[in-house]
Amino acid sequence: MTVYFILAVSASAVITFLLRALPFLLFHGDRKMPEWLARLGSVLPSAIMAVLIVYCLRGAKSDVTHTGVPGLIAVLLTAVIYRWKHQTLLSIFLGTAVYMMLIRVIA
Amino acid sequence: MNKRELAHYSFMKSIPILCSYLFVSMAYGILMEESGFPWYDSLLVSLTVYTGAFQFVLTSLLSAGASVITIGLTACFMNSRQTFYSLTFADVFNRMGKRKPYMIHTMTDETYAVNCTLDLPEKERREVMFYVAVLARCYWMIGAVIGGVLGQLIPVSMDGIDFCMTALFVTIFVDQWEKAHCHFPAVAGLITGIVCLMIFGERSFILPALLVTSALLVVWNTRGEEEKS
């Protein structure tokens with residue numbers, strides 16, 4: 001365990017706790033959350049998920065055989081299975097299995 | 001309900017969390033092991049940070065040697081949704097005394113979802129919420145340790161296991177897409193992400209992408225309000 005690891009994990013832990021505690025620290029009693037922040041909160045999650053999917057596939061162009069083609073196929077497959085069955089675990093399991101197979105076959 | 005019945009009821013309520021947490025946190029433990037972090041590192045992160053999706057991103061940021069500032073800000077963006085979860089249960093938690101900090105710390109997507117389904121008298125509801133929080137956290141840590149140890153034992157290469165993070169995001173994304181009245185936020189996030197990736201490159205696009213997306217959404221929200229009025 002390096003100093004860097006401990007610093008990074010502590011920062012993450014403190015920030016995550018503070019975010020969860022924020023309503024108790026800032027908004028209680030008569031002090032309500034400002035309207036714009038509440039609205040941002042309701043639309044932010046889906047935008048952030050989209051950015052994170054791009055983050056996961058960030059190597060798609062520089063590493064076509066390992067990330068690009070298998071990644072895109074597996075993402076589409078995961079999405080289709082989820083839309084069809086609405087089973088989170090099944091979609092993750094099959095998507096990951098197909099991805100792990102594809103990177104071994106294509107590369 | 002007596003104490004025993006409450007515990008049993010809580011366990012039954014926690015079964016969906018059991019299935020998903022064991023599975024996802026085992027994948028997390030294996031991923032950490034693959035990235036060079038042993039099981040006790042996974043346990044430490046699961047114990048202190050305790051948040052699903054971000055722990056996966058944290059692993060990839062750690063192995064890329066991202067700055068602590070980038071890590072902190074990414075935590076801010078990814079976990080900000082939990083601020084809104086706490087807001088829902090602020091009144092209940094305020095009546096839980098010593099358990100309140102623990103309830104705040106253990107507020108996750110899954111416990112939030114289960115808490116929303118509890119239809120019990122106030123006092124019993126508080127008990128069940130606490131038990132579910134404790135159980136869920138145990139499942140998460142047990143899975144992370146099993147995953148870390150398995151990762152060491154499995155002789156075949158687990159290369160590609162990190163895709164389960166991508167798959168987790170895809171399922172959440174599709175779920176939110178289906179529930180949303182308006183797809184602007186999702187599409188804005190996707191396009192901003194791709195544009196920032198092209199401008200800033202693989203290593204440093206995540207932060208600008210998150211900042212630009214949030215700014216876009218604030219502006220979009222304000223404009224939407226003006227049109228209505």
Side-chain angles (χ1 to χ4, degrees), chain A residues 1 4-5 7-13 15-17 19-24 27-28 33 35-36 38-59 61-62 70-71 74-75 78-79 82-83 86 88-89 91-93 95-96 99-104, chain B residues 19-20 23 41 44-45 48-49 51 54 57-58 62 68 71-72 75-84 86-87 90 104-105 107 159-161 163-174 176-177 180 185-186 188-190 192-194 197 202 205-206 209-210 213-214 217-218 221-222:
Chain A
M1 245 182 255
Y4 166 67
F5 180 85
L7 268 179
V9 172
S10 316
S12 307
I15 288 169
T16 307
F17 182 79
L19 285 169
R20 285 168 173 157
L22 203 60
F24 299 91
F27 316 112
H28 47 81
M33 184 178 272
E35 188 69 10
W36 68 270
R39 271 207 305 270
L40 180 64
S42 64
V43 292
L44 202 55
S46 52
I48 286 182
M49 278 309 137
V51 173
L52 288 175
I53 294 171
V54 176
Y55 174 78
C56 292
L57 297 172
R58 66 193 179 284
K61 216 177 105 195
S62 61
V75 161
T78 309
Y82 188 77
R83 276 216 79 136
H86 285 102
T88 308
L89 294 184
S91 318
I92 295 177
F93 184 77
T96 308
Y99 177 77
M100 290 175 75
M101 203 184 66
L102 284 175
I103 56 173
R104 284 164 178 75
Chain B
C19 300
S20 69
F23 178 78
D41 282 359
L44 181 74
V45 179
T48 57
V49 184
T51 165
F54 173 70
V57 173
L58 179 62
L62 281 172
V68 174
I71 291 176
C76 268
F77 281 104
M78 286 193 64
N79 295 329
S80 56
R81 67 185 187 284
Q82 289 166 344
T83 301
F84 301 94
S86 296
L87 208 58
I104 294 174
H105 168 61
M107 177 57 84
D159 188 22
I161 188 76
F163 187 83
C164 66
M165 162 168 83
T166 316
L168 175 69
F169 296 156
V170 171
T171 59
I172 299 174
F173 180 79
V174 174
Q176 287 167 340
W177 182 277
L190 203 60
T192 310
I194 295 171
L197 175 62
E202 282 172 36
F205 85 100
I206 183 87
L210 290 170
T213 307
S214 310
L217 290 180
V218 171
N221 268 331
T222 340

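What you see is a predicted model; the values in this text were computed from it and never measured. Just so we're on the same page: letters track the sequence lines, and every chain starts at 1.
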S214(B): which residues meet the side chain to side chain contact (heavy atoms under 4.5 Å, CB included) condition with it, sequence neighbours left out? L44(A), F77(B)

Tell me, please, which residues at least two apart from L197(B) pass side chain to side chain contact (heavy atoms under 4.5 Å, CB included). V54(A), R58(A), E202(B), F205(B)

As an exercise: rank W177(B), F173(B), F54(B) by heavy-atom pairs under 4.5 Å with chain A and give me the winner. F173(B)

What residue, out of V68(B), L44(B), V174(B), V170(B), has the most heavy-atom pairs lying under 4.5 Å from chain A? V170(B)

With rounding to the nearest 0.5 Å, note down the distance linking [atom1] in [X] to [atom2] in [Y].
| X | Y | atom1 | atom2 | result |
| --- | --- | --- | --- | --- |
| I104(B) | F24(A) | CD1 | CZ | 4.5 Å |
| L168(B) | T96(A) | CG | OG1 | 9.5 Å |
| I48(A) | I172(B) | CD1 | CD1 | 11.5 Å |
| S46(A) | L190(B) | OG | CG | 11.0 Å |

What do the steps show when you test V75(A) against F163(B) for side chain to side chain contact (heavy atoms under 4.5 Å, CB included), and what is the final call? CA-CA 9 Å; V75(A) 161; F163(B) 187 83; 3.9 Å; yes

Side-chain heavy atoms of M78(B) within contact of L52(A), under 4.5 Å: yes

If you count heavy-atom pairs within less than 4.5 Å of chain B, which of S12(A), A8(A), A11(A), S91(A) leads? S12(A)

Ranked by heavy-atom pairs below 4.5 Å to chain B, first place among L19(A), L89(A), T78(A) goes to L19(A)

List the steps, then state whether side chain to side chain contact (heavy atoms under 4.5 Å, CB included) holds for F169(B) with V51(A). CA-CA 10 Å; F169(B) 296 156; V51(A) 173; over 6 Å; no

Heavy-atom distance under 4.5 Å to chain B: side chain of I92(A), backbone, both or neither? both

Contacting moiety of Y55(A), where chain B heavy atoms sit under 4.5 Å: both

Run the side chain to side chain contact (heavy atoms under 4.5 Å, CB included) test on T48(B) and F17(A) for me, step by step, so that the C-alpha distance in whole Å, both residues' side-chain angles and the decisive distance to 0.1 Å come before the verdict. CA-CA 9 Å; T48(B) 57; F17(A) 182 79; over 6 Å; no

Walk me through it: do Y99(A) and T166(B) pass the test side chain to side chain contact (heavy atoms under 4.5 Å, CB included)? CA-CA 11 Å; Y99(A) 177 77; T166(B) 316; over 6 Å; no

Has R20(A) got a side-chain atom pairing as donor or acceptor with Q82(B)'s backbone, closer than 3.5 angstrom? no

Would you call the rings of F93(A) and F23(B) parallel, tilted or perpendicular if under 30° counts as parallel and over 60° as perpendicular? tilted

Which atoms form the tightest heavy-atom contact between [X] and [Y], and what is the distance?
| X | Y | result |
| --- | --- | --- |
| A47(A) | P185(B) | CB-O, 3.3 Å |
| A75(B) | I15(A) | CB-CG2, 4.1 Å |
| V45(B) | F5(A) | CG2-CZ, 4.0 Å |

What part of L58(B) gets closer than 4.5 Å to chain A, counting heavy atoms only: side chain, backbone, both or neither? side chain

